[in-house]
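We count residues from 1, following the sequence as given. Hydrogens, waters and symmetry mates are skipped; everything else that's a heavy atom, side chains included, is used.
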Amino acid sequence: MSKVLSRRRTPQQWGLLAISLAVLVVLLFPVYWMIMTSVVPSKELLTSSPPLVPPADSASLDAYGEVLESRPIGLWLWNSTLVTFGTALISIVISTLGGYSLSRFRTKAQQAMGFTLLFSRMLPGTLLIIPVFVIFASAGMINNLWAVILVNVAATVPFTTWLMKGFVDAIPAEIEEAAMIDGCGRLRTLWQVIVPLLRPGLATTFTYACILAWGDFLFARTLMPNPSDWTITVGIASFIGEFSVDWSGLMAAGIMSMVPMLILFVFLEPFLVKGMASGSVKG
């Protein structure tokens with residue numbers, strides 16, 4: 001069987017395969033080095049010729065045990081999960097309504113709102129952090145996960161709204177017109193007809209919002225000064241001291257922080273690769 005497959009491949013295909021493997025190795029090498037750093041003592045890695053393969057006599061998982069015992073990693077992961085899913089769920093609702101509005105109602109007011117959303121996305125977080133802190137401090141929401149969720153929603157919605165607009169644009173308007181002729185109102189048509197066709201778009205938007213919220217450091221660090229309320233990104237930064245860095249603990253915590261996002265991609269992967277309106281329009 002392997003001989004048959006090899007005969008079918010052209011030299012160009014083998015070349016593309018080799019390039020793809022090389023790119024994959026380059027992209028995954030930082031993750032591999034994180035694993036190496038977490039299982040090999042720092043004194044063996046911080047040398048002029050560090051090993052590329054973990055030595056069998058010195059490699060261990062002690063760093064993971066020490067991190068779990070000395071730091072509230074579980075609590076930090078839980079806080080990050082709450083912030084991430086809260087941000088993603090709220091963003092997906094707002095983005096679906098906003099994207100549908102921008103797609104179906106092409107007025108000057110809608111265009112102005114769309115460009116306003118894009119402009120707000122261009123503002124860096126460092127420019128907004130001081131007024132954001134003042135607002136939430138005045139509202140008594142410092143050390144409150146809702147503050148981080150709301151800020152992340154505000155930072156995510158401008159892009160995800162335009163993302164959802166592109167998915168709504170790809171759905172023929174005749175589908176919802178037929179539903180409205182049959183007696184459905186616009187909101188009912190959106191919920192029962194458009195939203196089911198938007199599942200790949202919803203999965204993409206949800207994933208994007210999760211990535212942004214999970215990786216947030218600036219807002220979480222500013223609005224959550226209490227260590228027990230930290231998210232995992234802020235907690236990981238605590239391994240970097242003023243005079244030293246716990247590299248093994250830092251990388252062990254980093255590896256553990258990657259697991260939830262990997263699980264998310266495993267569950268959403270079928271929706272991400274599925275055709276948007278596959279099977280929705282039949283001849």
Side-chain angles (χ1 to χ4, degrees), residues 20 23-24 27-28 31 77-105 113-114 117-118 120-121 145-146 148-176 178-179 184 186-217 219-220 231-233 255-282:
S20 300
V23 172
L24 182 64
L27 293 177
L28 292 181
V31 179
L77 288 172
W78 176 246
N79 291 338
S80 287
T81 301
L82 292 178
V83 170
T84 298
F85 279 92
T87 300
L89 291 176
I90 296 175
S91 297
I92 205 171
V93 173
I94 298 175
S95 301
T96 301
L97 295 174
Y100 179 82
S101 176
L102 291 175
S103 175
R104 294 299 190 248
F105 305 104
M113 180 59 67
L117 287 173
L118 282 180
S120 64
R121 187 67 182 90
L145 288 178
W146 274 109
V148 184
I149 291 174
L150 293 176
V151 174
N152 277 287
V153 168
T156 304
V157 162
F159 182 82
T160 53
T161 298
W162 276 93
L163 189 64
M164 287 302 299
K165 177 186 178 299
F167 284 101
V168 177
D169 286 341
I171 297 178
E174 291 78 8
I175 295 179
E176 59 185 294
C184 291
R186 188 169 292 278
L187 287 178
R188 185 180 176 186
T189 301
L190 173 62
W191 175 250
Q192 294 185 350
V193 178
I194 302 300
V195 169
L197 300 178
L198 284 175
R199 283 182 295 178
L202 295 174
T204 302
T205 303
F206 186 85
T207 303
Y208 176 80
C210 285
I211 292 173
L212 286 185
W214 188 266
D216 171 57
F217 174 82
F219 297 126
T231 59
I232 188 62
T233 52
I255 292 296
M256 287 187 281
S257 71
M258 294 169 57
V259 174
M261 287 295 100
L262 291 176
I263 296 175
L264 176 69
F265 273 100
V266 169
F267 278 102
L268 293 183
E269 186 269 341
F271 297 98
L272 295 175
V273 300
K274 187 178 181 181
M276 182 185 317
S278 176
S280 63
V281 180
K282 297 293 184 180

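Listed here is the closest heavy atom pair of Pro158 and Val153: CD-O, 4.5 Å. In this structure, Phe219 and Ala155 approach most closely via the heavy-atom pair CE1-CB, 4.5 Å. Heavy atoms only, all atoms of each residue included: Val168 and Ser103 are closest at CG1-OG, 3.4 Å. The two atoms that bring Trp191 and Val195 nearest to each other are O-CB, 3.6 Å, heavy atoms only. Between Thr96 and Leu202, the closest heavy-atom pair is OG1-CD2, 3.4 Å. Of all non-hydrogen atoms in Val31 and Met258, the two that sit nearest each other are CG1-CE, 3.9 Å.
To the nearest 0.5 Å, atoms CG (Leu145) and CG (Leu150) are separated by 11.0 Å. Note that CG of Leu187 is 12.0 Å distant from CD1 of Ile194, once rounded to the nearest 0.5 Å. Expressed to the nearest 0.5 Å, how far OG1 of Thr204 lies from CG of Leu198 amounts to 10.5 Å. Note that the SG atom of Cys210 and the CG atom of Leu89 stand 7.5 Å from one another [nearest 0.5 Å]. Between atom CG of residue Leu102 and atom CH2 of residue Trp162 there is a gap of 6.0 Å, rounded to the nearest 0.5 Å. Atom OG1 in Thr87 sits 13.5 Å away from atom CD1 in Ile211 (nearest 0.5 Å).
Checked by atom type and distance alone, the side chain of Arg104 never pairs as donor or acceptor with a backbone atom of Ser101 at under 3.5 Å. Between the side chain of Ser91 and the backbone N or O of Ala209 there is no donor-acceptor pair closer than 3.5 Å.
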Given the rule in the side chain to side chain contact (heavy atoms under 4.5 Å, CB included) test, do Leu264 and Phe206 qualify, once you have shown the distances and angles that lead to the verdict? CA-CA 10 Å; Leu264 176 69; Phe206 186 85; 3.8 Å; yes
What verdict does the side chain to side chain contact (heavy atoms under 4.5 Å, CB included) test give for Leu190 and Leu97, after you've listed the backbone C-alpha separation in whole Å, the side-chain angles of each residue and the deciding distance to 0.1 Å? CA-CA 9 Å; Leu190 173 62; Leu97 295 174; 3.7 Å; yes
Does Ile175 form a side chain to side chain contact (heavy atoms under 4.5 Å, CB included) with Val193? I'd like the steps, not just the answer. CA-CA 8 Å; Ile175 295 179; Val193 178; 3.4 Å; yes
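By the side chain to side chain donor-acceptor pair (under 3.5 Å) test, Tyr100 is found to be paired with Glu176, Arg186, residues two or more places apart in sequence or in another chain being considered. Every residue was checked against the side chain to side chain donor-acceptor pair (under 3.5 Å) condition with Thr205, not counting sequence neighbours, and none meets it. Considering only residues two or more places apart in sequence or on other chains, Thr189 meets the side chain to side chain donor-acceptor pair (under 3.5 Å) condition with none of them. Annotation: side chain to side chain donor-acceptor pair (under 3.5 Å) contacts of Ser257 (sequence neighbours excluded): none. Remark: Arg188 engages no residue in a salt bridge (charged side-chain N to carboxylate O under 4.0 Å, His left out) (not counting sequence neighbours).
Applying the 6.0 Å contact sphere to CG of Leu28 captures more than 12 heavy atoms from other residues, nucleotides or ligands. Few gaps surround CZ on Phe105; more than 12 heavy atoms of other groups in view lie less than 6.0 Å from it.
Two residues are said to be in side-chain contact when any heavy atoms from C-beta on lie closer than 4.5 Å; Leu197 and Phe167 fail this criterion. Side-chain contact between Thr233 and Asp216 is absent, with no heavy atoms from C-beta onward closer than 4.5 Å.
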Donor-acceptor pairs are to be reported for all side-chain atoms of residues 77-86 against protein atoms at under 3.5 Å, with residues two or more places apart or in another chain.
| from | atom 1 | to | atom 2 | distance (Å) |
| --- | --- | --- | --- | --- |
| Asn79 | ND2 | Leu75 | O | 3.4 |
| Asn79 | ND2 | Ser228 | O | 3.3 |
| Asn79 | ND2 | Trp230 | O | 2.9 |
| Ser80 | OG | Trp76 | O | 3.3 |
| Ser80 | OG | Ile232 | N | 2.7 |
| Thr81 | OG1 | Leu77 | O | 2.7 |
| Thr84 | OG1 | Ser80 | O | 2.7 |

